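Single-structure report; data block below.
Computed from a predicted model, the values in this text were never measured in an experiment. Residue numbering restarts at 1 for every chain, and letters A, B, ... go by the order of the sequence lines.
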There are 2 protein chains.
Amino acid sequence: MLEKTVRMNSLFDFYQPLLTNKQRLYLERYYLDDFSLGEISEEFNVSRQAVYDNIRRTEAMLEEYEKKLGLYKKYQERLALFEQLKTLVPDDNRKTQLLELIDTLEKLEEEGVS
Amino acid sequence: MLEKTVRMNSLFDFYQPLLTNKQRLYLERYYLDDFSLGEISEEFNVSRQAVYDNIRRTEAMLEEYEKKLGLYKKYQERLALFEQLKTLVPDDNRKTQLLELIDTLEKLEEEGVS
């Protein structure tokens with residue numbers, strides 16, 4: 001379950017702009033805030049089953065977006081490459097500039113991520 | 001018009017996995033193959049107006065995806081940063097490894113692009 005939570009949180013970071021408000025809210029409560037289905041159904045005054053179905057559909061959508069665009073996978077690959085880059089930065093007058101560039105690249109990765 | 005064609009081609013590269021087959025086909029004919037609306041309507045045996053409406057809707061979808069995910073904008077920003085990185089690669093025993101890493105990063109950018 002923990003593994004799934006981590007994955008859903010990550011996919012949510014990348015694809016949440018593509019979700020509807022309701023999908024976003026339910027998923028936030030369930031995965032980020034760790035609410036139970038019962039608690040979410042009470043908060044939004046809908047059946048537990050409706051919340052369950054909505055969350056399952058949203059999870060499937062997130063996996064489908066990842067299958068099509070692979071943003072999370074590429075993000076992980078880039079971060080690993082940036083780490084390798086850092087180990088190769090020479091200790092000379094280029095050091096500051098190079099580290100700043102890598103830092104800018106890393107920040108660009110986080111931009112789309114909440 | 002040329003500017004719009006370039007932009008639509010670029011957005012298409014990033015977001016085409018999210019389009020339906022019909023949207024993809026019409027847009028390919030119109031922007032990549034430079035067919036006229038009349039030629040597309042003949043090929044698919046639909047009205048010129050239907051093709052026009054479909055293409056306009058797809059263009060709006062592509063712009064909406066870019067507004068939400070910004071993949072094309074980030075792609076351009078990353079490519080510029082990779083160019084800057086290359087100018088700072090030292091001419092010593094790190095050179096080959098560093099250039100290979102930057103090359104891998106650049107190839108990763110092209111992966112999602114047709």
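- Heavy atoms from other residues, nucleotides or ligands lying under 6.0 Å from OH of A:Tyr52 number 12 at most.
- Rounding to the nearest 0.5 Å gives a distance of 13.5 Å between OH of A:Tyr75 and CG of B:Leu108.
- Contact between A:Leu18 and B:Lys68 at its shortest, heavy atoms only, is CD2-CD, 4.0 Å.
- By a heavy-atom distance cut of under 4.5 Å, A:Arg94, A:Gln97, A:Leu98, A:Leu101, A:Ile102, A:Thr104, A:Leu105 are the residues of residues 93-105 of chain A near chain B, going up by number.
- Between B:Arg78 and A:Glu109 there is a salt bridge, with a side-chain nitrogen of the basic residue lying less than 4.0 Å from a carboxylate oxygen of the acidic one.
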